[in-house]
Amino acid sequence: MALRSSRWFDRNDEVGFNHRAALRSEGFTPHSFQGRPVVGICNSWSELNNCNLHLRAVADAVKRGVWAAGGFPLEFMTISLAEELMMPTAMLYRNLMAIDVEEMVRAHPLDGVVLLCGCDKTTPAQLMGIASMDVPAIVVPGGPMLNGRWRNQPLGSGTDIWKTWDERRAGQVSDEKWEELEGSISRSAGHCMTMGTASTMTSLAEALGMTLSGAASIPAVDSRRYANAEASGRRIVELIKENIRPSHVMTPAAFENAIRVLAALGGSTNAVIHLIAIAGRLGIPLPLSKFDELARTTPMIANIQPSGQFLMEEFYYAGGVPAVIKELLPLLYGNELTVTGKTHAQNVQDVECFNTDVIRPRSRPVCEGSHLAALQGNLAPNGAVIKISAASPHLQQHTGRAVVFEHYEEMLQQIDRTDLDVDENCVLVLKNGGPVGGPGMPEWGQIPIPSKLLKRGVRDMVRLSDSRMSGTSFGTVVLHISPEAAVGGPLGVVKNGDPIQLDVGKRRLDLLVSEEELHQRMQTNRPQPKKYRRGYYSMFLERILQADRGCDFDFLVGEPGEVPYEPLVGRS
Ligand code: FES
């Protein structure tokens, strides 16, 4: 099969001359790049992204492998999305990064791509982009950072900080302790080391078949991270020759495998949105009901924070994703092809679990029943999600009086007021945190418990919003309510004092007012006027889909592959 890069380099005209001359200006001879698979190393390294800070070194290891296998590596950068430093939220830019990845590959003489990711949104953005481009690709995750450690206590990214922040708001954590924690939580490069969104998404990249087996959970600073990168560099050259493309690997069955692995990991609710978006790029529909259906019959076996006890280092030492896949095999499509060229069943044939407290057998799950549920009701006609494994059992069937915040700033101003009319049985409601309302659907969904209740020992309440929450968060938190308030969803008509009923067992979320009353309120419920009129924000508000459709841009769904190619003879 002719290499894609031959369109650039194997031409006997002025255009071919210029393409070859461009690489020769970097000091390469045609022997290096002509007739060899050209491998793009798509790097999300950035000094603005601490989680991905080691990816330049990982790229060097990939290059070793590519050279060794007879390929020609070329590293390039895209935008990077840092969860902790981007405002208002990295999610606002996930689709922009996906476009960056797709179009960089499309525009350049690349036969295949190795994708270097880590921090939350970088993994789905790369998978979305490469699904749309559909050239051979392997994901090399950067891996989790070292476990947090403070005074000989383990500290989990996000999860332990949310807990300590509540204690501090209750007046129980000193300035000194708080300052020490700041220096102890993130001890190395690498992504968050709980089963937050980053660990979930890299694990799901593996479950989808897009990484070498075992790649997801190797710690960022472990030498085996670099060995994995080198092996991935070798393998991408073979993948190009075999013409195994993302659409051959990320099939409908592969997405079902990923949803089951998500459930088994007790993974992030954000993965629901990302999987829908990645599948959407390949024209594969993933309704919320599919997540609910598969979660009901998949035991949660990974005992990792925030739903469990341990951290990602222990998960890796216990056997990582391959051990989870092996344990789940009777529930999976084990014959699905992966980028190793083998099936999942073949990949994990000799895999063992080395710690059954961390990765449990199916017969002894971490929690009984589903880890996640998709809800419906008159408050969420197109659905909502709740992470059952991180919610309080006593609140999963609950009716309470709504305490409504029209937007995030109002919530921040009011939540700690001593005169806020709230008790532990109330339902906290946050509007306008969705894809359009945020904009970008920020992680505002874990609404803080009012401090006057914290001081009385209350640590969880029913909370609902059209927003997301961090994968490291926890609580009885209903998320992703769709359609969102800002586009005229019924969440927008909830008033203070309205009774709201959550029934996780029945998968229901309802506003308990009469049908006539709800109908009347909806008559005057209008989408909010668009807040931004220029640039990326404007396009985002115009073209973003709702959470139940993956928050992708409508014009990027489906139709993967090359656009018809007509080489241009233009020069600057
Ligand atoms: Fe990057 Fe958590 S902040 S993964």
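Atoms within a ligand are numbered from 1 in the order they appear, just like the ligands themselves. Every value quoted in this text rests on a predicted model; they were computed, and no experiment measured them.
- Between Tyr536 and Phe553, the ring planes lie perpendicular to each other; the angle is over 60°, past the 30° to 60° tilted range.
- At a threshold of 4.0 Å, the pair Arg151-Glu180 counts as salt-bridged, since one of the basic side-chain nitrogens sits closer than that to a carboxylate oxygen.
- A salt bridge does not link Arg225 with Glu230: none of the charged nitrogens is closer than 4.0 Å to a carboxylate oxygen.
- Below the 2.8 Å limit, atom 2 (Fe) of ligand 1 has as protein N, O or S neighbours Cys192 SG.
- Using a 4.0 Å cut-off between charged side-chain N and carboxylate O, Arg281 and Asp552 make a salt bridge.
- Here CG of Leu81 is found 10.0 Å from CG of Leu92. Values are rounded to the nearest 0.5 Å.
- By the 6.0 Å and 45° rule, Lys290 does not stack over the aromatic ring of Phe255.
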